[in-house]
Number of protein chains: 2
Amino acid sequence: MSLPTKNFLKEISLQTDHSKKPTEKQQKIIEAAIKMFAEKGYANTSTSEIAKEAGVAEGTIFRHYRTKDRLLLSILLPFIKKSFPSIAEGVFKEINLDQLTSFEAFLKALITNRIEFIKAHKEIFRILIKEILYNEKLKKELEPFVIKNILSRILPMIERFKEQGELVDLPAETIMRILFTHLFGYFISRFLILPDDIVQDEEAEVEILVNFIMEGLKKRS
Amino acid sequence: MSLPTKNFLKEISLQTDHSKKPTEKQQKIIEAAIKMFAEKGYANTSTSEIAKEAGVAEGTIFRHYRTKDRLLLSILLPFIKKSFPSIAEGVFKEINLDQLTSFEAFLKALITNRIEFIKAHKEIFRILIKEILYNEKLKKELEPFVIKNILSRILPMIERFKEQGELVDLPAETIMRILFTHLFGYFISRFLILPDDIVQDEEAEVEILVNFIMEGLKKRS
DNA sequence: TGTGCGAGTGAGTGATTACTCACTTTTATT
DNA sequence: AATAAAAGTGAGTAATCACTCACTCGCACA
């Protein structure tokens, strides 16, 4: 696989700028591609298979999405665009930051918000994780974007809660890394490895996870 | 990719049974394959690339390993064979189970043991995780093996420590799932996502991780 | 009713894929 | 030194890959 040579994130705007409403066949193609990429991975799915699954001629795929790469990107980019900024905008609005909230409340809102988002786009999330792990190039291109959006927003929060004496006395970067490792690990385990229906009581699940992380990160007495 | 039709785990014995010492060229092939599979993934690596990297004719690969599938398996199977049983045999011998040890000591021994093992076979671990996530077939075939080896050994341990009143009052399966999720998540984050040299003080890292998990799982007062 | 245009088609293309096989070279055994 | 087996080779093969292009179709607008 060879992704576009230039920084592909610039394509986000180009991609969604002149966004005409998709054709019926276009939707079928996207649906089929999402299904098959999530199941077998991008590299193991051929365009002819996608065409067959979508009930469309192979040429139609290339009429709308010039290459197989761009088909993948036209699935992933809107998802990325919607997902990362909304971590801030969604979560930070749900809990009122003007008043002093606890780190626990913040964490609970964050986790609940992300779980609902991933559940709503489970297959695309699977594709994204698979390709980030499988394709070094995609990973490398996404890294600065993630660092900028996540790290720069969460780190100050951690610093603040540390100052409030709520968090364990470790460097903020270390706390961040622990948080990232465990949250990300949880999402991968739950949505990519463990069976789909393993969690019955979602609220209890979040409660356990938050408690778990809080016990590991809160200030020791 | 099409893995062998029959249960491939039976091939473990067949594979390593009549284990003649490998040729110089065989080693070069394996080394090249490990390097490239870990870097680009199995599906994105061609046998001609491997041959070139190993400084060998392409035919030589197929002389020794009949198919590309079997080349992958001859890398993964010895690793799997060595890794899963040794979780029990290694860890369970390190800590003396005859006397009453704490869950914390058990956990620390387990994590230290696994980190050292993965560090010693970092690239093959990466290949295994990538292919388990990417290839549903491999995942499905590995599942019962993992369940049998891990779950059946760890669950009784959890039950026991629960009876000793060390662990939080949740079903053993839930504790197991939390443990698995966070340990597995930690390994994936650390060895597949985060940069290689991020951990300087290994002992402190284990300490933090054990504390973290213990605080989340130990009996609440 | 004609005309232009984007949507859709599918046979065709060159490149690449995993894999084969007739052959040569190296190694082991006597 | 003779011989057989094993290791190594690389041109060749059928299949599949992503992608192209000359073409048809259906529909809006004149």
Side-chain angles (χ1 to χ4, degrees), chain A residues 1-5 8 17-34 36-37 39-76 127 131 134-135 137-138, chain B residues 1-5 8 17-34 36-37 39-76 127 131 134-135 137-138:
Chain A
M1 154 162 178
S2 65
L3 285 164
T5 42
F8 83 96
D17 249 10
H18 37 73
S19 55
K20 295 147 190 170
K21 58 184 71 176
T23 321
E24 199 178 323
K25 305 240 168 187
Q26 262 190 81
Q27 286 201 25
K28 291 272 187 189
I29 291 168
I30 292 290
E31 281 168 28
I34 288 175
M36 307 197 75
F37 287 163
E39 202 178 296
K40 312 199 303 164
Y42 172 85
N44 291 326
T45 307
S46 70
T47 49
S48 70
E49 284 178 291
I50 297 169
K52 192 186 269 181
E53 173 78 22
V56 158
E58 203 176 342
T60 310
I61 294 176
F62 292 94
R63 166 129 329 232
H64 294 290
Y65 318 91
R66 306 194 324 92
T67 65
K68 195 189 169 192
D69 282 343
R70 299 176 84 93
L71 173 59
L72 175 65
L73 289 182
S74 69
I75 291 169
L76 290 185
I127 297 172
E131 295 309 321
Y134 216 74
N135 189 301
K137 216 167 171 179
L138 192 72
Chain B
M1 156 161 177
S2 65
L3 284 163
T5 43
F8 84 95
D17 247 11
H18 38 72
S19 56
K20 296 148 190 169
K21 58 183 73 176
T23 320
E24 197 178 324
K25 304 239 169 186
Q26 261 189 83
Q27 285 202 25
K28 291 270 187 190
I29 291 168
I30 292 290
E31 282 168 28
I34 289 175
M36 307 198 75
F37 286 162
E39 201 177 297
K40 312 200 301 165
Y42 172 85
N44 290 327
T45 307
S46 70
T47 49
S48 71
E49 284 177 291
I50 296 169
K52 193 186 270 182
E53 173 79 22
V56 158
E58 202 177 343
T60 310
I61 294 176
F62 292 94
R63 164 124 332 224
H64 293 289
Y65 318 92
R66 306 198 320 93
T67 66
K68 195 188 167 193
D69 282 343
R70 300 176 83 94
L71 172 59
L72 175 65
L73 290 181
S74 70
I75 290 170
L76 290 184
I127 297 172
E131 294 310 320
Y134 215 74
N135 190 302
K137 216 167 173 181
L138 192 71

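Order of the sequence lines fixes the chain letters, A, B, ..., with proteins taken first and strands second; residue numbering starts at 1 for each chain. Excluded from the calculations below are hydrogen atoms, water molecules and symmetry mates; all remaining heavy atoms, backbone and side chain alike, are included.
- OP1 or OP2 of C/dT9 sits under 4.0 Å from a side-chain N or O of A/Lys25.
- Interface limits on DNA chain D: the 5'-most and 3'-most nucleotides within less than 4.0 Å of chain B heavy atoms are D/dA7 to D/dG10.
- Residue contacts shown for B/Glu58 include a base, since a base heavy atom lies under 4.0 Å away.
- In this structure, the CD1 atom of A/Ile61 is 12 Å from the C1' atom of C/dG8, given to the nearest Å.
- The CZ-C1' distance, from B/Phe37 to C/dA18, rounds to 12 Å in whole Å.
- B/Thr67 places a side-chain N or O within donor-acceptor distance of the main-chain N or O of B/Arg70, the cut-off being under 3.5 Å.
- Put simply, OH on B/Tyr65 is 16 Å from P on C/dA18, counting in whole angstrom units.
- No donor-acceptor pair under 3.5 Å is formed between the side chain of B/Glu53 and the backbone N or O of B/Met36.
- With rounding to whole Å, B/Arg63 atom CZ is found 11 Å from C/dA22 atom C1'.
- For the pair B/Glu131 (side chain) and B/Tyr42 (backbone), a donor-acceptor distance under 3.5 Å is present.
- Remark: the backbone N or O of B/Ala57 is not paired with any side-chain donor or acceptor of B/Lys25 at under 3.5 angstrom.
- Within residues 45-56 of chain B, the residues that have a heavy atom under 4.0 Å from DNA chain C are, in order of number, B/Thr45, B/Ser46, B/Thr47, B/Ser48.
- Here the shortest heavy-atom pairing between A/Ser74 and A/Leu71 reads OG-O, 2.8 Å.
- Following rounding to the nearest Å, B/Asn44 (CG) and C/dA18 (C1') show an atom-to-atom distance of 15 Å.
- Using modelled atom types, one finds a donor on one side chain and an acceptor on the other under 3.5 Å when comparing A/Thr47 with A/Glu58.
- At least one donor-acceptor pair under 3.5 Å links the side chain of B/Ser46 to the backbone N or O of B/Glu49.
- By the 30° and 60° cut-offs, the orientation of the rings of B/Tyr134 relative to A/Tyr134 is parallel.
- One distance of note links CD1 of B/Ile61 with CD1 of B/Ile30; it measures 9.5 Å at 0.5 Å rounding.
- Here the P atom of nucleotide C/dG8 and the CD atom of A/Gln26 are 7 Å apart, to the nearest Å.
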